[in-house]
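Chain letters run A, B, ... following the sequence lines, proteins first and then strands; every chain starts at 1.
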Amino acid sequence: MPIDKTYQPSEVENRIYRVWEEAGAFRAGRPERAAAKPYSIVIPPPNVTGSLHMGHALNNTLQDILCRFERMRGRDVLWQPGTDHAGIATQMVVERQLMERQQPGRREMGREAFLRRVWEWKAESGGTIVNQLKRLGASCDWSRERFTMDEGLSKAVIKVFVQLYNEKLIYKDKRLVNWDPKLLTAISDLEVIQVETRGHLWYLRYPLEGKTFDPEDRSTYIVVATTRPETMLGDTAVAVNPDDERYKHLIGKQVILPLVGRRIPIVGDAISDPEKGSGAVKITPAHDFGDFDVGKRHDLPQVNIFSIEAKLDLKNNADFLRGVPSSDELDQTMQLHGQDRFVARKAIVARLEEKNLVEKIEPNTHVVPHGDRSNVVIEPFLTDQWYVNAKALAVRAIDAVRDGRTRFVPKNWEKTYFDWMENIQPWCISRQLWWGHQIPAWYGPDGKVFVAETEDEAIARALAYYEETGVLRHHQTQEMARHPEKRAPILTRDEDVLDTWFSSALWPFSTLGWPDKTKELDRYYPTSTLVTGFDIIFFWVARMMMMGLHFMKEVPFHDVYIHALVRDASGAKMSKSKGNVIDPLAIVDEYGADALRFTLAAMAAQGRDIKLSTQRVEGYRNFATKLWNAARFAEMNGCASVANFDPKSAKETLNRWIGHETAMAAAEVTQAIEAYRFNDAAGAVYRFVWNIYCDWYLELAKPVLSGPDAAAKAETQAMVAWARDEILKLLHPFMPFITEELWAVTSSPLIPDGATRHTPGDQEATDAGSRPAPGPQMTGRGLLALTEWPHLEGLADEEAEAEIGWVVDLVTAIRSVRAEMNITAAIPLVLAGVSPGTRTRAGRWAEFIKRLARLSDISFAALAPRGSVQLVVRGELAALPLKGVIDLAAERARLAKEMQKADADIARVDAKLGNANFVARAPEEVVEEEKEKREEAVGRKAKIAEALERLQDVS
RNA sequence: GGGCGCGUAGCUCAGCGGAAGAGCACUACCUUGACAUGGUAGGGGUCACAGGUUCGAUCCCUGUCGCGCCCACCA
């Protein structure tokens, strides 16, 4: 079947993907690889209800390159796919949907109905991202797809929770958390972002006890500065710096808290910076992280001005005053109950102003914590939450990176990792949400906690406990154990769910079947490589390290490749609100998945953000077209793969040369991928395909392919096909679709060893993988995805390199002159006074050179003909007799310029070689190189001089 | 306040100790039997600045100036 004139990705990609899937090409543990070394990667699970964005495209392209590369190198590859339930994000999406459809909200419908609704939404949209990954070409083992809320993974989550609880590494604690007043849940430190905000600094006067407050008399009050005046209701102290002469004498005295009337002490504490604000600071232990610690140091009470039930019955903002001891003023005149915090702030400031208690208000820009999802101001809030003792788990996670069991690429991310790990805070894992893994903790009527893997177990433990403590009698517990309906009121389950990242932290082993001892766990854990963005090093990588080491006693992965962010062409972060999002699927539709993948790989240099422009994608789409047409050319010239062809058997210099170049390129690509240098790998294969194979090899092969030498022709046909096949292999990890398609199209049928070429077969490419061999003599060659990666040895050939290099240089030099002088007609070439070796070469390559440089004739002479343009090619003169065409003055000037350059080169080298220190201290090979450079330049200079002299003769 | 990174051709970026590179854009020529999604040739850079180390610095060190990002309880 002749190859189409242009490659149509849209027609090919889906079909090819189906072929791979039907052949089970991406299955881990294929029987024939039972003895192979495993290679495993777990996918960073995308949000199950999400859709593919450019970050996914980059992330998964890189993983796919590694997986396809290792698969071709014979490894038993497991690319473990799956999706994440993404607690908050998914819950928000569904809630928004309910709102848009004007359906009852989450609270109105209740937990059970709401969860049903989320599962429906998951069923509806959950396949989207998976299909999108397939469109990208991701070679995941889809038969092993997992979801963080699958039965198996949920079992792992519960097991981990219970075990950590029993080990006292998970505990419940009442302390300040980051409370998101919009989502009405606690969030972890990592989910808080600091936003620079323009606000105010209020200077408040707190009257001193025992003095009559007089705004004119500064000795009757102390001024505190605050950015959150409403929290004053919860103040339990005023702090001054113990070394501050202005306030030292007040330490130990009391102030009367305005509006509330509470007496609170003035304490000395280093938290107070005399330089800042007024030098005195209000202390609100229940509403500020710093103040919380001060409160601990000075044993201050914690006055929570929000309702303790806030998480249950608050609407949209933190409710006020539930916890504040009442004062008549607050209760009766201010009406703060249920108010929005910012409304309350205004009311409080207004009231303080009325009472002359506000000294001044300054504009103040400061950083304010916001929820990363809700984007509202976070409220530090004193509640009971569950925590993981991350500090304890971090120890081994730090060691593992320290001693290199896990290594980051690029290495500088290790510092970021260490900095965070070494200062790690308790991880708040409970969320007041519904979508997620519900915490396996049950409470007795007295608040006693029972943590267990199942409710039955919790009940059994509770009954035993209450019997032992005398709360229940033996016969009661017996009865309850027998009759479940009677025990219902005994225990209530914790309503909260776990942070999504808790289940993600288990991903490398939970997806492999843990806690069961599976053969997959045994074979694929620890995984080989993790590929992820730097933005989730803390969220995810660090936590997988901790959990992996704790539960598996081994690191979860050996290498962590950290890639950059994809930004838009001008460097801005892509976001929906900015409208600068480039949809990867739109790119795939327009240019093909291969073009997008290649672009991402080519731009994935370590350590820098990727600014994606569609122009660049277009360029690589063109590259795909180039490859396609090169394959077409081969096809049209009868170049078909020869079974068991050995490129080392090539006799033709040209063929030995392409063997040499192919081997070099293969080595370059291999080493680059091994080192995670995706851009280098992509660059190497690009240059080889376009600038070596297409630009020179195919051009030089043309005369042979249409020439009379049957043996040379047959060898060249085989070699063209061989190099093309090697290209398809080298390019396959980057451009899997077009390469697989070409592999299929060009492989049917193969020419049996030693036979001559006949017309190409016309079999459908679709079934290249599964089709039986076409005939007794033919060998089907299966899928490219499962074909062996090139390991080319013994093909280096410096002699061929030198010879073809000379041809290339000569042709280039002649073309340059032609273009500069605007000569279109065929012209003759005279090689003047060249060595016998060059003479032979020229004879051998005459036809090629004539064709590529458009020459009418090549001849030899002792001297360049008068009126010639004279070129120095590899130290010898090539003359183009252009009498009448050439401008002697211009030619003289050109040669003079060349001469200057030669002189400059010689001078520079001489400066080096004349430097005794250089000769003495530089490495020998460098000195040798310089000497060679000098020799070359001197030779060149002599030839230019000769040419100039010859030119003088004419004038 | 700490940490990380970046300033190289008009644009986007590689290179990171031994004579400045790519893609795109630009200019000229080419409908030559694989490819105009192409070919050939060309213009364009004191590698941010200042010191230092070195025989030699775009590359290493120090500082300065710009620009990002991350972390941090400061009013």
Need one value for [X]: base, sugar-phosphate or nothing, where a base atom within 4.0 Å counts as base even if backbone is also close, heavy atoms only.
X	result
Thr226(A)	sugar-phosphate
Asp291(A)	nothing
Lys282(A)	nothing
Pro923(A)	base

Open item on the list: Going by side-chain contact (heavy atoms from CB on, under 4.5 Å), Val927(A) matches just one of Glu930(A), Glu924(A), Lys931(A). Which one?
Closed with: Lys931(A)
Between [atom2] on [N] and [atom1] on [X], what's the gap in Å once rounded to a whole number?
X	N	atom1	atom2	value
Lys611(A)	G68(B)	NZ	P	11 Å
Ile537(A)	C71(B)	CD1	P	11 Å
Met603(A)	C24(B)	CE	C1'	11 Å
Glu196(A)	C69(B)	CD	C1'	15 Å

When you compare [N] with [M], how far apart are their [atom1] atoms, in angstrom units rounded to a whole number?
N	M	atom1	value
C13(B)	U54(B)	P	36 Å
G66(B)	A19(B)	P	35 Å
U37(B)	U32(B)	P	14 Å
C61(B)	G68(B)	C1'	24 Å
G21(B)	C47(B)	P	14 Å
A50(B)	U12(B)	C1'	29 Å

Task: Phosphate contact (G15(B) OP1 or OP2) by Arg677(A) side-chain N/O below 4.0 Å - done: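 Yes, because at least one side-chain N or O of Arg677(A) sits under 4.0 Å from OP1 or OP2 of G15(B).
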Open item on the list: Is there a side-chain contact between Lys276(A) and the phosphate of C74(B), meaning an N or O under 4.0 Å from OP1 or OP2?
Closed with: no
Open item on the list: Can you tell me how the ring of Trp628(A) sits relative to the ring of Tyr7(A), calling it parallel under 30°, perpendicular over 60° and tilted otherwise?
Closed with: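 Trp628(A) and Tyr7(A): tilted rings.
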- [ ] Evaluate the ring planes of Phe623(A) and Tyr620(A), with Trp represented by its six-membered ring, and classify them as parallel (under 30°), tilted (30 to 60°) or perpendicular (over 60°).
- [x] perpendicular
- [ ] Please examine the side chains of Val224(A) and Val281(A), heavy atoms only from C-beta on, and report whether any two atoms are closer than 4.5 Å.
- [x]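 The answer is no, as the side chains (C-beta and beyond) never meet within the 4.5 Å cut-off.
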Open item on the list: Salt bridge or not between Glu635(A) and Arg724(A)? Use side-chain N to carboxylate O under 4.0 Å.
Closed with: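 Looking at Glu635(A) and Arg724(A), the cut-off is not met.
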- [ ] Indicate for each nucleotide in nucleotides 27-45 of chain B, in 5' to 3' sequence, whether protein heavy atoms under 4.0 Å reach the base (B), only the sugar-phosphate (S), or nothing (-).
- [x] -------BB-BSSSSS---
- [ ] Mark yes or no for whether Asp594(A), through its side chain, and Ile738(A), through its backbone, hold a donor-acceptor pair below 3.5 Å.
- [x] yes
Open item on the list: Whether the side chain of Arg940(A) engages the backbone of Glu898(A) through a donor-acceptor N/O pair (distance < 3.5 Å, no angle test) should be reported.
Closed with: no
Open item on the list: Wobble G-U and Watson-Crick pairs count when both distances are under 3.5 Å; given that, what is the 5' to 3' dot-bracket string of RNA chain B, with | for pairing to other strands?
Closed with: ((((((((.[[[[.)..(..]]]].(((((.......))))).....[[[[[..)....]]]]])))))))....
